[in-house]
Amino acid sequence: TYIGMPLLTAKSTFDALEKKAGTSEMIALYQADIALRMNDQKLAITALSKAHAHASNAYVKTTIAYQLARTYYDQKEWK
């Protein structure tokens with residue numbers, strides 16, 4: 001579960017919110033978190049990339065870049 005909500009329900013909720021409000025750093029970060037919890041690394045990479053593009057704070061961008069690197073590493077995509 002994700003904060004007491006089934007993961008698929010949480011994913012659908014944030015997907016609908018993104019369609020309604022547009023992509024934002026926070027929506028993309030929540031989507032990435034849910035995707036990582038679901039072990040969907042491709043979706044996580046997409047969401048993390050969106051979050052990185054929308055982030056304005058240097059520390060947040062660095063943290064997102066680190067998580068992207070870890071996810072690529074877990075996929076053995078470092079070549």
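Both backbone and side-chain heavy atoms feed into the values below; hydrogens, waters and symmetry mates do not. All residue numbers in this chain count up from 1 along the given sequence.
Heavy-atom minimum distance, Ala47 versus Ala32: CB-N, 3.5 Å.
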All N/O donor-acceptor pairs, side-chain side in residues 39-46, below 3.5 Å, sequence neighbours left out:
residue	atom	partner	partner atom	Å
Asp40	OD1	Leu43	N	3.1
Thr46	OG1	Lys42	O	3.1

Could you give the side-chain donor-acceptor pairs of residues 14-23 under 3.5 Å, partners two or more places apart or in another chain?
residue	atom	partner	partner atom	Å
Asp15	OD1	Gln31	NE2	3.0
Asp15	OD2	Lys11	NZ	2.8
Glu18	OE1	Gln31	NE2	3.0
Glu18	OE1	Lys50	NZ	3.4
Glu18	OE2	Thr23	OG1	2.6
Glu18	OE2	Lys50	NZ	2.8

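Rounding to the nearest 0.5 angstrom, the gap separating the CG atom in Leu48 from the CG atom in Leu68 is 4.5 Å. Atom-to-atom distance recorded for Leu29:CG and His54:NE2 is 11.0 Å, nearest 0.5 angstrom. Taking CZ of Arg70 as the reference point, atom CD of Gln75 lies at 13.0 Å (rounded to 0.5 Å). Between Ile64 atom CD1 and Thr71 atom OG1 the span is 11.5 Å, to the nearest 0.5 Å.
For Thr9, the side-chain contact (heavy atoms from CB on, under 4.5 Å) criterion is met by Met5, Pro6, Thr13, not counting sequence neighbours. In this structure, the side-chain contact (heavy atoms from CB on, under 4.5 Å) partners of Thr63, at least two apart in sequence or on a different chain, are Tyr59. For Ser24, the side-chain contact (heavy atoms from CB on, under 4.5 Å) criterion is met by Met26, Ile27, not counting sequence neighbours.
Residues Met38 and Leu8 are in side-chain contact: their nearest non-hydrogen atoms beyond the backbone lie under 4.5 Å apart.
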